[in-house]
Amino acid sequence: MLGQFTRGLVSVASAMTQPKTAGLLLTSRLYHEKVVEHYDNPRNVGSFDKDDPTVGTGLVGSPACGDVMKLQIKVDENTGKIVDTCFKTFGCGSAIASSSVATEWIKGRQMEEVLTIKNSDIAKHLSLPPVKLHCSMLAEDAIKAAVKDYQKKKAKREDNNSSPPDGQATVVG
Amino acid sequence: MVPQCVLLPRVAASVVISSVCFLRMAVKSVSPYLRELLWRWINLPASGCLSSSSSSSFTSCGIKRQRRFHTGLFRSSSWSGSFLGSNKEDESASRTVEKVLSTRALHNPGIHTKERGSLETKRKLLREFSSTPVLEFEKKCWSCDSKDDASPFFVCTACGAIQPLDEGLDFFQLLSIERSFEVDEKELEKQYKRLQKFLHPDLSSLKSQREQGYSADQSGQVIKAYYTLLDPLSRARYLLTLNGVSIDEEGTIHDPPLLLEIMELREEIEETADPTKLQEIKEKNSIKLQDCEKALRTAFGNGDLAGAIPLVRKMTYYDKISEEITRKL
C-alpha cells in the first residue's frame, strides 16, 4: 500500500515538472500568424485627398461590431489601372488584416478585375474563423464601394464636360 | 348447416387476423425503427376490420385475439423504447403507460386499436407518469409531484425544491418586469436581488447534485437577464430580437454621414493623447448617446421597429467610441 502511495506521488511530481500542454489548446483560439503579421506591419496605411478626381473612396461599416473601414484607390484615368491604394480601419485585428490584404491585392490591377475579389478568398488567405468572416465581407464591400465612387466621380466629370458651359448666349434670329 | 353468406365473412375475417398476426411476428424480428413504421401501417387495416364486424361468434373469438394481439404488443419494450427515447425515467414511465393501456384494452374491447396505439394517447399518459420536465405540459414539481401554477416557476411551494430553468420565458418574464424599453432600474435591481436571495448556487450547496445544477442554470439566466436589461443598448437589441429583427445579420452598411462622423471622431481620438481633450470628446459623445436613448424610447413607444434599427446602429458606434476613450484615458 505504501508502495502504491509513493508511486502515485512520483507520477504527480513528474506530471508537474513536464511542460504544460494546455498552451497548445490556447494557440488554436488565438489569431492566425498572417493576421498578426498584417496587424503589426499593416501595408498601405494612410489617406488620399478625397476631392482628388483620380481618387475613389469606399467607406463601409459593420453594425454588429461597430467597425468602420475606409479604403481609397488612385486610378490612372487613361488605362483604368489602380496605381496606388491606402486604407484606414478602426476595428478588430481581423478587420485591419482583411483591409491590408485587400489593398495589397488590388494595387496594379484593373478596376473591373478587382471587383471579382471575393471575401472567401481573403478569409481563406488569412485563415479567418467563422465568427470573423464578416470582416472579410467588409473588405470586399470596401473595394466595391471605392470603385463605384471613382466611377461616379468620373461620370459626373464627363457630364460636366459634355454639357455647354453657362453664360454662352444662344443665337436667336 | 351454416349459410354461406354468414360463413364467408367469418372465414375472410379470420384469414385477415391470422395474416396480421403472422406479419406482426415478422415485424418483431426486424429492427426497432422499422418495427415502429410497420406497426403504424398494420394498425390501420386491423382497426377497420375489428371495429366494423358485428357478428357475435366473430366478436367472441375476435376479443380473445385482440387480447393476445395487444398484450403481445405491449410486452415488447423495445418498441416503446424507440418511441420514447433512452432516458431511464422515460423507460419507467413508458412501462407504466403500457400497463395502463393493456388494462384499458382488457376492460374496453370496443376501443379502436388506432386510438389505443396512437402517439397522442401515449403522450397524454406520459404527462401523468413521467417526471421528466417538459415545457408544454402543466407545471409539476419534479421532487414532490405537486402542481403549481406560478409563472415563472422557480421554487416549489410545497417542498422548496428549485425547479429546472424554463427556456420558454424571455428576460422580462423571468424578472417579472413589463416588456417595454422603459425600465425602472430600481425595480429591476430589486427583482434581481430578490431572486438571487434564493436561487444563488451558494445557497444550495447542501442540496442534491440535480438541484444544484438547476440552481446554477436559474441563477445564471437571471444574471444574464439583469445585465441585458440594465444597459439601454443591449435592452434595445434584445427587444428587436424578441420582435424577430436581428441587427447582427444585416451585413455591411453604407451610411456616409454617420460613417464619416465616426471616422473623424476615431481619428481625433487616435491623434490626441491630451486627457482634457479626450474627456471633452467623451462628454459630447455621452450627450449623443442620451439623445439616441430618448429617440429609441419614442420609437419603441410608438411600436416603430423600422425607426429603431438605425438608432441602435448609431448607438452601437457611439458606444464603441465611448469604450475607446475609456481605454485610452
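A, B, ... follow the sequence lines: proteins, then strands. Residue 1 opens every chain.
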Can you confirm whether the side chains of [X] and [Y] place a donor and an acceptor under 3.5 Å from each other?
X: A:S98; Y: A:K132; answer: no
X: B:Q221; Y: B:D217; answer: no
X: B:S205; Y: B:Q212; answer: no

Quick one: which residue pairs count as a side-chain hydrogen bond (donor to acceptor under 3.5 Å, both in side chains) with a foot in residues 145-158 of chain A, not counting sequence neighbours?
A:E77-A:R157
Heavy-atom closest pair, residues A:V55 and A:K74
CG2-CE, 4.0 Å
How far apart are the closest heavy atoms of B:V155 and B:F198, and which atoms are they?
CG2-CD1, 3.6 Å
Heavy-atom distances under 4.5 Å only: say whether B:L259 touches chain A with side chain, backbone, both or neither.
both
Non-hydrogen contacts under 4.5 angstrom with chain A: give the residues of residues 314-329 of chain B involved, or none if there are none.
B:T316, B:Y317, B:K320
